[in-house]
Structure formats: structure tokens, C-alpha cells
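Okay, so here's the structure we're looking at.
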Amino acid sequence: MRIGLAADNGNWHKARLKAALESLGAEPVLFSLADVAVVTGAGEPLRVPGFSAGLPDGVLLRTIAGGTFEATTMRLGVLHALVASGVTVWNSPSAIERSVDKAMTSLLVARAGLPTPDTFVFSSRAAAADCVAREAGPGRPLVLKPLFGSQGEGLQLIERPDDLPDEEAVSRVYYLQRYIARNDGLWRDYRVFVCEGRAIAAMIREGDGWITNVHRGGRPLPWTMPAKAADLAESAAAAIGVDYTGIDLVEDGEGGYLVLEVNSMPAWSGLQQVTEVDIAQAVARGFLNAVRAARPPRLVAAQG
């Protein structure tokens, strides 16, 4: 089984996934979506590096190469074309589109009836300012997040309309979410890793400030995941349709949890430090199970 492993950066994750796939009998071929071409006129028009004889049996995504809107559109188009040709892609391009767009994630989580902080999304600064004047104030801020941001980059606490940046600074989309402070004053939230519909590992993320992402200095701590947190994370993954994901949760102050974010290409180096579960192995195994399940059955010639 020849597998395309799309990974442009993150050598630690790349090496773990490659080793896990090899240990399970697959042949992973590293490539970048940025190097895939479309060439018509001679056989299969989609040209994936390392697969000159055809297409991969499956593609496991670790990262999508960054770039312009046009380049990103093409790379997602490549993934859609792979899916249309019968190639198993984890996560699917549709799931990536739903989870990368925080507004769509919030919409789908809310439609599924799952608890999540109150969220407000606007295209104009005037509408966002009216919302802030109504919903926020000193000591009760809203969090302004980049629509396509990750790893805690670009987050701002907004208490007054004047705190809002200009429309150009947020690409004309204001994604605002109610900040949920803990009763004990700690800066702490939770990451649950879900694969094949099951919550397989989790951690506490604790910071010295309100942004707790490990990439931004947050500390991973072991966590015995309560059943209600596992159930919520699994339900959130199902609502978005992701095959493997990191679900960010926060306590609601009443013994329950709220869904903050659903990540379609999660990092797990911090989580791996505090769990005995081999996450790369779990992802590789689940992915190969999906590839095998999608393959058409082979016909066996009758003997006689």
C-alpha cells in the first residue's frame, strides 16, 4: 500500500507518522501539495510527486502548504479531485474547509446542539462595535480571533468598541467569542484528541497568561479525561466530520464543558509528553483501516 504523506513542515510529526505507517506495512511517500500539478492530454491529469504510475492508495494530511488564496484554492481542489477519484484522504477537504473556517465550525457545533461560548461573526466594524457595546465591558471581554488562525496567534481581548481593529486588519471578518474565565482564576483549558470517532488522549493546557496554546508557552499537564468531556469532544468531531482532530474545551463553571475549537490538522507533541497513547500510531492505524475499507473487494477466480 503506497500512501502519500503530505507534510511541508514539522519534522517531529512527519517522522512519527512516517515510522508509524511503515510499522503497519505501508509505504509512505512524502510530498507537498504545493508540488502537485494538473497536466492534461496524457493519462491521469493529476500528477502527485512520487506516484508516476498513478494515484496514491490514500493521502494522510499533516499540513497544507501556505500561500495565496489562489494557491490554497488549488491545493484544496487537488484534495477534492483525489477524493472524487476514490482516494481516501484524511482529513477530507470538506472537513478541513469546515474546521479551518471558525465561523462555520461555530455554526455546525451550535446546530448540533453542543455547548459552546456565545459567538458573533460580522463583516463590518460597525456591526462588530454594536455587538461589543452590547455584550462586552470592563472585566467581561470578548475574544477576537482570526477566522483562519491557529496556535493562539492573533488573539485579542475586546472590552470596548474602540478596541476593535480596522476591517483590513481582520480581512473584513470579525469573529468574536465570549471569554470564559475560570472560577479559580487559573489560565487553563483542555485538548482532547479524537481519532476514528473516539477520544483517545487528553491533556490540560495551563499558561502564565490567558493564551494557553503549547506553541505559545502553555504547559501540557496529564489529565484523567471525564466521560462528559470525551463525549462532547467526540460529538464535536462528528458535527464537523473530521477523522482525526484536536478538540479544545473549556469548563463552563457549572461542572460541564464548552467547545472552543475543532482543529483539522492538530499538533500533538505537547500531548504526547503526558500520555502513554502513541498518537501517531493511532492516526496511522485508523487511516489505513479507512483506506482498506474503501478499497473495492478483489475478485477471486473460481478454481475447478
Side-chain angles (χ1 to χ4, degrees), residues 6-7 9-10 12-14 16-17 20 60-64 90-92 95-102 104-106 108-109 112 114-117 143 145-153 155 177 180 188-207 211-226 228-251 257-287:
N9 51 37
W12 184 88
H13 292 87
K14 186 188 310 184
R16 301 276 296 202
L17 287 171
L60 180 58
L61 289 169
R62 170 63 198 113
T63 56
I64 294 179
W90 266 35
N91 281 304
S92 74
I96 291 170
E97 289 164 350
R98 289 190 290 264
S99 57
V100 167
D101 178 351
K102 289 186 178 66
M104 181 55 64
T105 298
S106 293
L108 293 173
V109 167
L114 304 177
T116 187
V143 182
K145 300 182 179 182
L147 192 69
F148 298 143
S150 63
Q151 296 185 324
E153 300 288 347
L155 304 184
Q177 191 171 70
I180 307 297
R188 173 180 285 189
D189 60 15
Y190 306 91
R191 164 63 63 91
V192 180
F193 201 96
V194 178
C195 185
E196 292 188 284
R198 295 184 304 106
I200 62 171
M203 67 174 173
I204 297 167
R205 299 188 306 187
E206 188 172 275
I211 299 175
T212 61
N213 299 70
V214 174
H215 177 73
R216 299 287 300 276
R219 295 178 293 278
L221 302 172
W223 186 40
T224 302
M225 177 174 35
K228 64 176 66 177
D231 291 344
L232 179 57
E234 291 169 1
S235 296
I240 307 303
V242 279
D243 298 299
Y244 78 99
T245 180
I247 307 290
D248 295 339
L249 305 178
V250 64
E251 291 183 60
Y257 299 89
L258 306 172
V259 178
L260 285 182
E261 293 189 12
V262 178
N263 301 276
S264 65
M265 285 174 283
W268 64 86
S269 58
L271 176 57
Q272 193 62 77
Q273 297 173 30
V274 295
T275 181
E276 295 181 357
V277 176
D278 188 328
I279 296 172
Q281 191 78 10
V283 171
R285 184 181 299 108
F287 168 69

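Side chains are part of it too, since the values below use all heavy atoms of this structure and drop only hydrogens, waters and symmetry mates.
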Heavy-atom check, side chain of V192 versus side chain of V194, under 4.5 Å: yes

Derivation of the side-chain contact (heavy atoms from CB on, under 4.5 Å) call for V274 and L221: CA-CA 6 Å; V274 295; L221 302 172; 5.6 Å; no

Counterpart residues, side-chain hydrogen bond (donor to acceptor under 3.5 Å, both in side chains), relative to E97 (two or more places apart): H80

Flag, side chain of D243 to backbone of N91, donor-acceptor distance under 3.5 Å: no

Reported CD-to-CZ distance for the pair Q272 and F193, which is rounded to 0.5 angstrom: 9.5 Å

Polar side-chain atom of K102 near backbone of E261 as donor-acceptor pair, under 3.5 Å: no

Reported NZ-to-OG1 distance for the pair K14 and T63, which is rounded to 0.5 angstrom: 7.5 Å

Distance-minimising heavy-atom pair for V262 and S99: O-CB, 3.5 Å

Shortest non-hydrogen separation from Q273 to P220 and the atoms involved: OE1-CG, 3.9 Å

Over all atoms of both residues, closest heavy-atom pair of R191 and P266: NH1-CB, 4.0 Å

Atom pair CG (L258) and CG (D189), whose distance is rounded to the nearest 0.5 Å: 11.5 Å

E251 side chain reached by Y257 side chain, heavy atoms, under 4.5 Å: yes

I64 and M265: CA distance, side-chain angles, deciding distance, side-chain contact (heavy atoms from CB on, under 4.5 Å) verdict: CA-CA 9 Å; I64 294 179; M265 285 174 283; 3.9 Å; yes

Expected output: side-chain R205 to main-chain G218 donor-acceptor under 3.5 Å: no

Residues forming a side-chain contact (heavy atoms from CB on, under 4.5 Å) with A20, sequence neighbours excluded: A280, Q281, A284

Worked verdict on L60 versus Y244 for side-chain contact (heavy atoms from CB on, under 4.5 Å): CA-CA 11 Å; L60 180 58; Y244 78 99; 4.1 Å; yes

Q177 side chain near L260 side chain, heavy-atom distance below 4.5 Å: yes

Closest approach of A229 to L249 (non-hydrogen atoms, all atoms of both residues): O-CD1, 3.8 Å

Minimum heavy-atom distance P117-I180, with the two atoms named: CG-CG1, 4.0 Å

Nearest heavy atoms of T245 and S264, plus distance in Å: OG1-N, 4.5 Å

Heavy-atom check, side chain of I240 versus side chain of V109, under 4.5 Å: yes

Interatomic distance, L108 atom CG to R98 atom CZ [nearest 0.5 angstrom]: 7.0 Å

Ring geometry between W268 and H13 (parallel below 30°, tilted from 30 to 60°, perpendicular above 60°): perpendicular

